[in-house]
Amino acid sequence: MRTQAVHHAKQLVYKKNSGVMSTLSYNLRGYPFGSVTPYMCDEQGKLYFFISDIAQHTKNLTHDKRMSLTVFDAADTGDQNEHGRVTIVGDGSKVPQTFADELLNKYIALYPEADTYRSAHDFNLWQLEPVRIRYIGGFGKIFWIEKDEWQSAKKVWDNTQEQQMINHMNEDHQDAMGLILKHHYKVDAHAPVMNGLLPQGCYIRSHKRNYYIPFSEECDSPQAVRVALVQLTKEARSTV
């Protein structure tokens, strides 16, 4: 039950693109302050934000690193309480410059519009280091998830190998990605582009939106990624 809850919570975070960042207000001491922001989640479960120094949440974090991000599956109709939501509680900090450039490239691949902020001197990449996670999958499905349960192993391939896999899909397999999007999201893809890859799944962008496609199992090598993508393609083709 707990293993399944962790999996569902992480899949929700990967699937969504934005959440409610909560910080402790510096102006209104002790009061929580919520703001909506895009985020990127890596394979280990750490979250990243590209935010301005002049934003209120950033000012709050410079005085108190405690924060959270709440991600939820918004209900189109009916009872919102029946839908999943997850709150990652942890500590915020600026990403060290040693890692910032590579991570920012990945962030901008997911959110191309953020490239315009890159030249701005007051934008920086921040990270949320999880301490504890609260997951509610619906009525009666309520869990506190510990840090060691949330964290996954670091990917076994390097960034060069990752980009090669992404480039291969974009150069040779746009038709397959279109079928995959149609199968998983009922989307008629327009020039689909793979713009993110994790051991747990991949991101395909179409119509200015990111779509997360989970693999059937976590990949432990580039070869396993290839097998997973072939499997996704075969499953999608079988429904045409």
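These figures come from a predicted structure and were not determined experimentally. We're numbering straight along the sequence, starting at 1.
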(request) Examine the side chains of Q163 and N167 and answer whether a donor and an acceptor come within less than 3.5 Å of each other. (result) yes

(request) Give the intermediate values and the outcome of side chain to side chain contact (heavy atoms under 4.5 Å, CB included) for residues L24 and N60. (result) CA-CA 6 Å; L24 293 173; N60 294 339; 5.9 Å; no

(request) Name all pairs fulfilling the salt bridge (Lys or Arg N to Asp or Glu O under 4.0 Å) condition that reach into residues 203-220, sequence neighbours left out, sorted by first residue then second. (result) E113-R205

(request) Quick one: do E129 and K65 satisfy salt bridge (charged side-chain N to carboxylate O under 4.0 Å, His left out)? Show the steps, please. (result) CA-CA 10 Å; E129 186 73 47; K65 65 182 181 179; over 6 Å; no

(message) Checking the side chain of R2 only, and the main-chain atoms of W144 only, is there a donor and an acceptor separated by less than 3.5 Å?
(response) yes

(request) Measure the spacing between CZ of R132 and CD of E146 and express it to the nearest 0.5 Å. (result) 4.5 Å

(request) Apply the test side chain to side chain contact (heavy atoms under 4.5 Å, CB included) to residues S152 and E43: give CA-CA distance (whole Å), side-chain angles for both, the deciding distance (0.1 Å), then the verdict. (result) CA-CA 7 Å; S152 298; E43 76 279 4; 5.8 Å; no

Which pairs would a plain distance check flag for residues 177-186, meaning a side-chain donor or acceptor within less than 3.5 Å of a matching protein atom at least two apart in sequence or in another chain?
| from | atom 1 | to | atom 2 | distance (Å) |
| --- | --- | --- | --- | --- |
| K182 | NZ | D188 | OD1 | 2.8 |
| Y185 | OH | Y212 | O | 2.7 |

Show me the side-chain donor-acceptor pairs of residues 73-80 shorter than 3.5 Å, one per line, residues at least two apart or across chains.
| from | atom 1 | to | atom 2 | distance (Å) |
| --- | --- | --- | --- | --- |
| D73 | OD1 | K16 | NZ | 3.4 |
| D73 | OD2 | H83 | ND1 | 3.4 |
| D79 | OD1 | N81 | N | 2.9 |
| Q80 | OE1 | A75 | N | 2.9 |
| Q80 | NE2 | D73 | O | 2.9 |

(request) Measure the acute angle between the ring planes of F123 and Y117, then classify it against the limits of 30° and 60° as parallel, tilted or perpendicular. (result) parallel

(message) Let's go through D64 and K59 carefully: what are the C-alpha distance in whole Å and the side-chain angles of both, what is the deciding distance for salt bridge (charged side-chain N to carboxylate O under 4.0 Å, His left out) to 0.1 Å, and is it a yes or a no?
(response) CA-CA 9 Å; D64 192 322; K59 291 179 179 180; over 6 Å; no

(request) Go through N27 and F33 one step at a time and tell me if the side chain to side chain contact (heavy atoms under 4.5 Å, CB included) criterion holds. (result) CA-CA 10 Å; N27 286 334; F33 179 85; over 6 Å; no

(request) For residues H57 and S35, report the shortest heavy-atom separation together with the two atoms involved. (result) ND1-OG, 2.6 Å

(message) Taking the ring of Y48 and the ring of Y107, is the distance between their centroids below 6.0 Å?
(response) no

(request) Could you walk me through whether Y135 and H8 pass the side chain to side chain contact (heavy atoms under 4.5 Å, CB included) test, one step at a time? (result) CA-CA 9 Å; Y135 173 63; H8 287 164; 3.4 Å; yes

